[in-house]
Amino acid sequence: MSTGVIIVLIVIVVGVVAAAAALALRARGATGGSGLKRRFGPEYDRTVARHDGDAKAAERELGERVQEHGSLHEQPLEPAAREQFQARWAAAQELFVDSPRQAVSDVDQLLGEVAGARGFPDVAEYDKQFDALSVHHAAHVHGYRRVHRVVTTRTNGTPESQAGTEEMREAMLEARALFDDLVSDDSRGSSNGNGRGGRHSIGSFNKQALKGS
């Protein structure tokens, strides 16, 4: 083998190694501390708080979410399915006046079903579905957490209706932003975590529309 061929091979190997290193650094930036803060926004802070201020533990958890769900591609909704989901939301909004808790329960179920229709894990696996949603809709996913918590949590064994009408109203208001994201006809979704939202403004779902008792 001539010296010239050896030099060419060395150059090729060095180039491959450099490219691999660059890709590794890029991936680390996407899942490192600053990258995770940008991607998850307020969800990053909530996760740190849940880990009692341990940023490394929070970043490890969020990094695992990205690794597991980052490659998920959201499926577009058929127009008929979108209209059906929107009708169900409108029905839940109307129901809130007379039965706030049932309305919140309906919204919790609805969000899970819409997410499943978009290609996220099934509604029966709430934790896994939530983690996947947090990767792609970080800006608005907390609304889903709030309505799910209202529905499922009992405090000191008291009836879950103790949540209060105002708390349930606020949970539904926040959940609407995620619903808008998921039913949006923009099939690109909001994978950067900044959630652009759909064509239905959250302003159309205001406190006056939810005249709880």
For Ala132 and Pro121 the tightest heavy-atom approach is CB-CD, 3.7 Å
Hey, are Glu59 and Lys56 close enough for a salt bridge, meaning a charged N less than 4.0 Å from a carboxylate O? no
Heavy-atom closest contact (Asp106 atom, Ala92 atom, distance): CB-CB, 4.3 Å
For Thr47 and Phe40: C-alpha separation, side-chain torsions, deciding distance, then whether side-chain contact (heavy atoms from CB on, under 4.5 Å) applies. CA-CA 10 Å; Thr47 307; Phe40 286 93; over 6 Å; no
Any Lys/Arg nitrogen of Arg60 or Glu64 sitting under 4.0 Å from an Asp/Glu carboxylate oxygen of the other? no
Can you say whether the rings of Tyr144 and Tyr126 are parallel (under 30°), tilted (30 to 60°) or perpendicular (over 60°)? perpendicular
Closest approach of Ser134 and Glu43, non-hydrogen atoms and distance? CB-CG, 4.5 Å
So, does Ser184 use its side chain to make a donor-acceptor pair with the main chain of Asp180 at under 3.5 Å? no
What distance do Gln109 atom CD and His148 atom NE2 have between them, rounded to the nearest 0.5 Å? 10.0 Å
When rounded to the nearest 0.5 Å, the distance separating CZ of Phe130 from CZ of Arg65 is 6.0 Å
Heavy-atom side-chain contact between Val66 and Leu36 under 4.5 Å: yes
Can you find a pair of side-chain heavy atoms, one from Leu72 and one from His136, that are under 4.5 Å apart? yes
If I take atom CH2 from residue Trp89 and atom CD from residue Glu94, how far apart are they, to the nearest 0.5 angstrom? 13.0 Å
Just by distance, do the side chain of Arg82 and the backbone of Val183 share a donor-acceptor pair under 3.5 Å? yes
In the structure I gave you, are the side-chain heavy atoms of Gln129 and Asp122 within less than 4.5 Å of one another anywhere? no
Can you tell me how far apart CZ (Arg88) and CD (Glu113) are? Round to the nearest 0.5 Å. 4.0 Å
Test side-chain contact (heavy atoms from CB on, under 4.5 Å) applied to Glu174 and Glu170, step by step: CA-CA 6 Å; Glu174 191 169 0; Glu170 291 177 357; over 6 Å; no
Thr165 versus Phe96, closest heavy-atom pair with distance: O-CZ, 3.8 Å
Scanning both residues in full, the closest heavy-atom pair of Val123 with Gly112 reads CG2-CA, 3.5 Å
Evaluate the side-chain contact (heavy atoms from CB on, under 4.5 Å) criterion for residues Glu68 and Asp131: first the C-alpha distance (whole Å), next the side-chain angles of each, then the deciding distance (0.1 Å), finally the verdict. CA-CA 9 Å; Glu68 184 173 359; Asp131 286 351; 5.9 Å; no
Out of curiosity, Met168 CE to Arg101 CZ, how far, rounded to the nearest 0.5 Å? 4.5 Å
Asp181 CG to Arg118 CZ distance, which is reported to the nearest 0.5 Å: 9.0 Å
Phe120 side chain near Leu182 side chain, heavy-atom distance below 4.5 Å: yes
Report yes or no: does Ser105 contribute a side-chain atom to a donor-acceptor pair with the main-chain N or O of Gln102 at less than 3.5 Å? no
Restricting to non-hydrogen atoms, name the atom on His142 and the atom on Arg145 that form the minimum distance, rounded to 0.1 Å. ND1-NH1, 2.8 Å
Do His140 and Leu133 have side chains that get closer than 4.5 Å, going by heavy atoms? no
